[in-house]
Protein chains: 2
Amino acid sequence: MSVSIKDIARAAGVSPSTVSRALNDHPRISQATKARIRQLAQELGYTPSLPARSLVTRHTATIGMVITTAADPFLARLVQGVEETAEKNGYSVFMSSSYRNAERELEVVRAFHERRASGVIITGSQIDDGYLQLSSQFPLPIVLINCRAYPYSVYVDKLSGARQAVEHLVQLGHRRIAFIGGPHGHRSNLDRFAGYRQILEENNISQNDSLIFTGEGTIESGIQAARHMLTIPQPPTAFFCFNDLTAIGVIRALQQAGAEVPRDCSVVGFDDLEMASHYCPSITTVRQPTHRLGQRAISILLELIQGNSNLQPERLPAELIVRESTGPVSEAGLKPYA
Amino acid sequence: MSVSIKDIARAAGVSPSTVSRALNDHPRISQATKARIRQLAQELGYTPSLPARSLVTRHTATIGMVITTAADPFLARLVQGVEETAEKNGYSVFMSSSYRNAERELEVVRAFHERRASGVIITGSQIDDGYLQLSSQFPLPIVLINCRAYPYSVYVDKLSGARQAVEHLVQLGHRRIAFIGGPHGHRSNLDRFAGYRQILEENNISQNDSLIFTGEGTIESGIQAARHMLTIPQPPTAFFCFNDLTAIGVIRALQQAGAEVPRDCSVVGFDDLEMASHYCPSITTVRQPTHRLGQRAISILLELIQGNSNLQPERLPAELIVRESTGPVSEAGLKPYA
DNA sequence: TTGTAGGCGTTATCAT
DNA sequence: ATGATAACGCCTACAA
């Protein structure tokens with residue numbers, strides 16, 4: 001189908017190797033033929049076959065990226081960070097989605113390996129350090145994002161982020177602070193919870209299990225969480241949410257129940273999506289350095305590709321962004337069954 | 001590096017071709033050796049090399065998808081629609097982002113072609129029917145989404161969507177309806193504008209240029225649009241926005257200026273993002289059948305790959321979703337310089 | 001400076 | 001049922 005190096009050779013009356021040399025500007029070739037062949041290649045619409053080339057060079061210049069879902073707002077600057085550095089080093093980045101499904105995640109990694117990608121970056125992994133066992137099955141460099149159990153990874157210090165968030169609430173006078181968690185058992189969720197507990201403890205606030213809710217990190221689950229909290233005898237005066245989507249759901253449900261944020265109740269999110277600064281009220285949240293996260297991930301991957309395996313998980317700081325959704329604890333607070 | 005078919009052959013004491021047959025369960029091979037070889041392949045952690053295989057089969061089982069940005073909410077169900085059908089037919093889908101930049105878009109298409117992808121689906125193309133001229137440069141099947149100038153494409157009937165939206169506003173009594181457009185000159189923007197004009201005309205409402213604003217389809221540009229509209233002598237009583245992000249920006253700015261939606265002003269979006277139903281107020285918007293859009297795009301691409309080039313642009317209907325952000329025109333309306 | 005030959009990992013077509 | 005051989009498109013010694 002596609003025009004090959006042989007077609008050009010035939011058209012130019014030279015051997016295929018000469019064409020190859022012309023196209024890769026090999027030193028040992030005359031300027032004249034080089035120009036002539038390049039011209040011809042252009043005219044014939046020649047595009048080199050990377051599969052064929054990679055067979056001999058053992059290099060596909062391809063980075064695979066496993067994402068959770070195409071529309072995850074968390075990805076915007078992350079992917080950009082990865083692409084910038086990748087491109088600078090001659091790699092192309094291709095994404096495929098796992099839908100947070102372990103089986104599919106493995107399938108995608110396998111797909112990348114079958115295509116002999118140079119390496120893979122995975123976000124939202126369901127496998128985690130399971131890749132250590134699978135390393136014989138997938139003998140290609142893998143870097144995980146936000147999975148600190150795996151040695152080749154970058155992660156954001158969510159513990160510290162959570163601590164800053166809850167500390168902020170405590171300083172505003174809140175003592176009944178709800179924790180609206182994400183998918184159960186996940187590291188990132190555990191870190192947030194740990195930070196939450198630490199700050200409560202450091203401030204001599206006894207933990208109240210009825211203020212703990214396990215959600216899914218969606219708007220919908222935030223709505224459910226808030227509605228539930230409105231049914232308990234002593235509703236919280238503040239919510240610390242797994243992420244901004246959850247926070248949006250919580251705010252939405254509180255407003256529907258007639259409460260005002262932050263007057264009657266404070267809400268903190270996590271991620272700092274674009275929406276967070278534009279929502280009404282704008283949302284106090286914990287920002288992850290997503291662009292840098294991508295940059296570091298690809299940098300580590302490139303190191304790995306070059307054979308440097310003497311690496312450790314890398315930690316990046318999180319930062320609390322205070323906006324309108326948090327305020328001093330109110331006298332009134334939420335009324336149950338509001 | 002990676003274990004090859006030859007390694008297995010050596011270990012099993014058979015020829016490479018036997019291994020190949022065993023792995024592809026060719027009819028003419030004994031069950032015994034097939035089982036033995038598969039076992040061995042498993043143990044050695046063998047993964048076939050698609051680049052090598054594709055060289056001879058001339059088939060990479062790979063679909064490339066050019067997206068604008070990883071975090072575009074429009075993509076969520078679109079990509080899913082593509083992936084489902086692709087997977088059913090044995091293809092893997094990989095995405096790469098163009099950032100709405102023509103140069104980068106071409107670069108990505110080239111990257112897919114170099115890797116000999118079976119075909120490419122492009123969303124948010126900046127090239128459009130320019131691919132007709134480039135078909136010699138990229139001799140691979142291409143399907144565009146929402147670009148009806150190109151023969152191999154699926155698009156949503158935005159004209160009808162816009163008509164429904166503006167008609168809805170007119171029926172609520174609005175006559176000063178602002179049009180907050182998107183990137184200038186784009187087809188999808190022109191369609192929306194055409195629908196807007198048609199309905200005004202059909203209802204004998206004279207078009208007022210001061211109610212036309214060209215934005216960028218972002219929250220930020222929605223904010224600017226609304227702020228601008230608040231400075232004109234006779235502010236609009238309703239906004240028809242390029243998309244939901246713009247609508248969110250408009251609502252946000254109106255609220256900040258002390259206006260209430262929909263009491264003082266109605267706002268309609270476009271896209272029906274998940275956020276639209278959860279925003280406060282929930283947003284009246286035009287829904288695009290994104291999942292179906294993806295399904296049709298990949299179906300057309302598969303036809304194209306199989307050699308059927310007798311195809312036409314396919315049109316899908318848009319649907320108005322009425323929610324809280326629109327209501328009857330008010331006596332008061334917006335006050336300029338509010 | 002250019003051509004020839006071998007090989008990358010795989011499949012397909014012959015034989016055997 | 002299995003093995004040898006050629007070929008896919010490209011690169012790279014080595015030879016000329």
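Order of the sequence lines fixes the chain letters, A, B, ..., with proteins taken first and strands second; residue numbering starts at 1 for each chain.
For B/N24, taking side-chain heavy atoms from C-beta onward, the closest of the listed nucleotides D/dT2, D/dC10, C/dT11 is C/dT11. Of the candidates D/dA1, D/dG9, C/dT10, C/dT10 carries the atom nearest the B/V56 side chain, counting heavy atoms from C-beta on. Of the candidates D/dC11, C/dG3, D/dT2, the closest approach to any side-chain atom of A/V14 belongs to C/dG3. Of the listed nucleotides (C/dT4, C/dT10, D/dA4), C/dT4 has the atom at the smallest distance from the side chain of A/S15. Taking only side-chain atoms of B/R21, from C-beta outward, the nucleotide of C/dT10, C/dT13, C/dT2 with the closest atom is C/dT13.
Here the CD atom belonging to A/Q126 is positioned 8.5 Å from the CG atom belonging to A/D128, to the nearest 0.5 angstrom.
A/P16 comes within contact range of no nucleotide atom at all, as no heavy-atom separation falls under 4.0 Å. Across all strands shown, B/R58 has heavy atoms under 4.0 Å from sugar-phosphate atoms exclusively, and none from any base. Using a 4.0 Å heavy-atom cutoff across all strands shown, B/T33 reaches sugar-phosphate atoms only and no base atom.
For B/S20 and C/dA12, a side-chain-to-base donor-acceptor distance below 3.5 Å is absent, hydrogens and geometry of angles not being considered. Within 3.5 Å, no donor on the side chain of B/S17 pairs with an acceptor on the base of C/dT10, nor the reverse.
If you take CD1 of A/I29 and C1' of D/dT12, they are 14 Å apart, rounded to a whole angstrom.
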